[in-house]
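Starting from 1, each residue takes its place in the sequence as its number. Numbering of ligands and ligand atoms starts at 1, following listing order.
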Amino acid sequence: MLKKILSPESCAKCRLCCVFDRYDAWETPVFTEELCERIRAAKPDTPFVSKDGGFILRVTEFDENGLFTCPALTETGCMLGDEKPFDCRIWPYRIMEVGGRRAIVIASNCEEMFSRPIAELVGFLRDGLADDIFSYADKHPEIVKPYYEGFPVLMFEKKHG
Ligand code: SF4
């Protein structure tokens, strides 16, 4: 989804958004049932818990460096390819509820995107990406997270009515 914006090469080198520590484990993506099944077909012991109609990973164990790696990450990248969860397709953009309103925010730990001018980051949203994100969230409200401090808000949803 962000292929026009973020080069696959940059993402392949980084993979930061597929590895979590105990402070950002809440950021693991929300999976559909079908994606859970695909991961379980490759890694049968992967523990999922249901969340508001979607599924999230049960993050209980961290490696010796204190990190948890998404079970869908392989040597060659995400095993789900272009079908990866919506959260992953729009990252480092995220949708959160801020004071009772949905808003699109940005994660600061994606250096590639966070180093860009704010006008550019908002411009991508205005170019149709925001509509795609809000309309996906209409059908899948489970992807909307409560606001988390430190995520700059780029765009609020327009008030209806
Ligand atoms: S589903 Fe794929 S892209 Fe998303 S966190 Fe896991 S490995 Fe990364």
Review point. By ring pair (Phe, Tyr, Trp, His ring centres under 6.0 Å), which residues pair with Tyr148, not counting sequence neighbours?
Key: Trp26
Practice item. Calculate, to the nearest 0.5 Å, the distance between atoms CZ and OG1 belonging to Arg58 and Thr46 respectively. Key: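 The distance works out to 12.5 Å.
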Review point. Angle class for the Phe86/Tyr136 ring planes (parallel below 30°, perpendicular above 60°, tilted otherwise)?
Key: parallel
Review point. Counting from 1, what ligand 1 atoms have a heavy atom of Cys17 closer than 4.0 Å?
Key: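 Matching atoms, with element in brackets: 5 (S).
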Review point. In this structure, which one of Lys145, Arg22, Arg94 forms a salt bridge (Lys or Arg N to Asp or Glu O under 4.0 Å) with Glu27?
Key: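 Only one option passes, and that is Arg94.
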Review point. Would you say Lys51's side chain and Ile56's backbone share a donor-acceptor pair under 3.5 angstrom?
Key: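 A pair under 3.5 Å: no.
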Practice item. Quick one: give me the number of protein N/O/S atoms under 2.8 Å from atom 6 (Fe) of ligand 1. Key: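 Atoms of protein N, O or S type lying less than 2.8 Å from atom 6 (Fe) of ligand 1 total 1.
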Review point. Would Leu35 and Phe55 satisfy side-chain contact (heavy atoms from CB on, under 4.5 Å), going step by step from the backbone distance to the final call?
Key: CA-CA 9 Å; Leu35 292 179; Phe55 295 86; over 6 Å; no
